[in-house]
Amino acid sequence: LFFDRYGFSIATAGGAGEGETIRIMNDWIARMGGFYIGGVGYAVSWGPQKEQDARAKARQMGADLVAAIREKRRFPEQETARAEGMKQFAFAVMANRERWKHDYDHWVGQGWIKT
């Protein structure tokens, strides 16, 4: 799980589609309990200057990621996806609590799953 972890997405493409890929990957981070700070994409068809711009943006996002972790930054707009993903995960753990005893015990101990 990415529970309370931070990240951002990087996507490349030949011609297009990197924005949708970033959106999907960031949604996955939130649904796994994490927080995302954004994303950066690059399509090869944009040319070499845009590649340099994307690299610079990725470096800046890395610095912002470090700051978000240090500040324990929260993103209210991501809470709905986080809550839905955590609810689905809790259901899966509860349904498999005998097979996934370690996970079940861990999340009960964390107070995340109520018995």
Side-chain angles (χ1 to χ4, degrees):
L1 270 179
F2 280 33
F3 187 73
D4 281 350
R5 305 275 192 240
Y6 292 80
F8 67 94
S9 297
I10 298 174
T12 61
E18 71 291 332
E20 179 67 6
T21 301
I22 289 168
R23 188 194 63 73
I24 290 167
M25 293 186 334
N26 282 343
D27 185 63
W28 185 86
I29 290 171
R31 288 181 179 279
M32 293 297 107
F35 298 100
Y36 60 88
I37 64 161
V40 60
Y42 168 73
V44 175
S45 64
W46 296 351
Q49 181 55 49
K50 294 290 186 178
E51 177 185 359
Q52 294 305 314
D53 295 346
R55 287 176 185 261
K57 182 178 179 185
R59 279 191 282 285
Q60 180 56 46
M61 290 190 83
D64 190 36
L65 179 63
V66 170
I69 293 166
R70 285 186 179 145
E71 297 164 9
K72 297 184 183 337
R73 200 179 298 164
R74 293 297 191 240
F75 301 85
E77 70 279 7
Q78 297 174 28
E79 289 302 328
T80 300
R82 283 186 82 223
E84 182 61 30
M86 292 164 63
K87 182 175 149 186
Q88 291 171 357
F89 180 77
F91 179 81
V93 170
M94 293 285 289
N96 291 283
R97 65 180 159 259
E98 292 168 13
R99 289 180 31 216
W100 300 352
K101 183 168 178 21
H102 173 76
D103 287 320
Y104 177 80
D105 290 346
H106 172 76
W107 292 111
V108 167
Q110 294 292 316
W112 190 55
I113 293 178
K114 308 291 185 223
T115 57

*Sequence neighbours left out, what passes ring-ring contact (aromatic ring centres under 6.0 Å, His included) with Trp28? Give chain and number order.*
Phe2
*Answer whether the closest heavy-atom distance between the side chains of Ile29 and Ser9 falls below 4.5 Å.*
yes
*Crowded around Arg55 CZ? As in, over 12 foreign heavy atoms under 6.0 Å?*
no
*asked:* Please give me the minimum heavy-atom distance between Glu18 and Ala43, naming the atom from each residue.
replied: OE1-CB, 3.7 Å
*Glu84: partners by salt bridge (charged side-chain N to carboxylate O under 4.0 Å, His left out), with sequence neighbours left out*: none
*With the 4.5 Å side-chain cut-off for hydrophobic clustering, are Ile22 and Tyr42 part of the same group?*
no
*Can you name the residues that form a salt bridge (charged side-chain N to carboxylate O under 4.0 Å, His left out) with Arg74, not counting sequence neighbours?*
Asp4
*What's the spacing between Gln88 CD and Met32 CE if we round to 0.5 Å?*
7.5 Å
*Using the test salt bridge (charged side-chain N to carboxylate O under 4.0 Å, His left out), find all partners of Lys72 that sit at least two apart in sequence or belong to another chain.*
none
*Side-chain contact test, heavy atoms from C-beta onward, threshold under 4.5 Å: evaluate it for Phe75 versus Ile37 and give yes or no.*
yes
_Residues Thr12, Glu51; criterion side-chain contact (heavy atoms from CB on, under 4.5 Å); working and verdict_ = CA-CA 10 Å; Thr12 61; Glu51 177 185 359; over 6 Å; no
*Hydrophobic cluster identity match, Val44 and Trp46, side-chain contacts under 4.5 Å*: yes
*Hphob cluster co-occupancy, Tyr36 + Val40, side-chain heavy atoms under 4.5 angstrom*: no
_Once side-chain hydrogen bond (donor to acceptor under 3.5 Å, both in side chains) is applied, do any residues pair with Arg23, and if so which ones, sequence neighbours excluded?_
Glu20
*Heavy-atom pair with the smallest gap, counting every atom of Leu65 and Gly7*: CD1-N, 3.6 Å
*Is there a donor-acceptor pair under 3.5 Å between the side chain of Asn26 and the backbone N or O of Phe8?*
no
*Take atom CD in Glu98; do more than 12 heavy atoms of anything else shown fall under 6.0 Å from it?*
no
*Tell me whether Ile69 is reachable from Ile10 by hopping between hydrophobic residues (I, L, V, M, F, W, Y) whose side-chain heavy atoms are closer than 4.5 Å.*
yes
*Scan side-chain atoms only and decide if Asp53 and Gln49 contain a donor-acceptor pair under the 3.5 Å cut-off.*
yes
_Cluster link Met86 to Met94, ILVMFWY, side chain under 4.5 Å_ = yes
*Any donor and acceptor pair, going by atom type alone, linking the side chain of Arg82 with main-chain N or O of Gly33 inside 3.5 Å?*
yes
*Per the ring pair (Phe, Tyr, Trp, His ring centres under 6.0 Å) rule, which among Trp100, Tyr104, Phe3, Trp112 passes with Phe89?*
Trp112
*Identify, with sequence neighbours excluded, every residue that meets ring-ring contact (aromatic ring centres under 6.0 Å, His included) alongside Tyr6.*
Phe35
*For residues Asp27 and Ala81, report the shortest heavy-atom separation together with the two atoms involved.*
OD1-CB, 3.8 Å
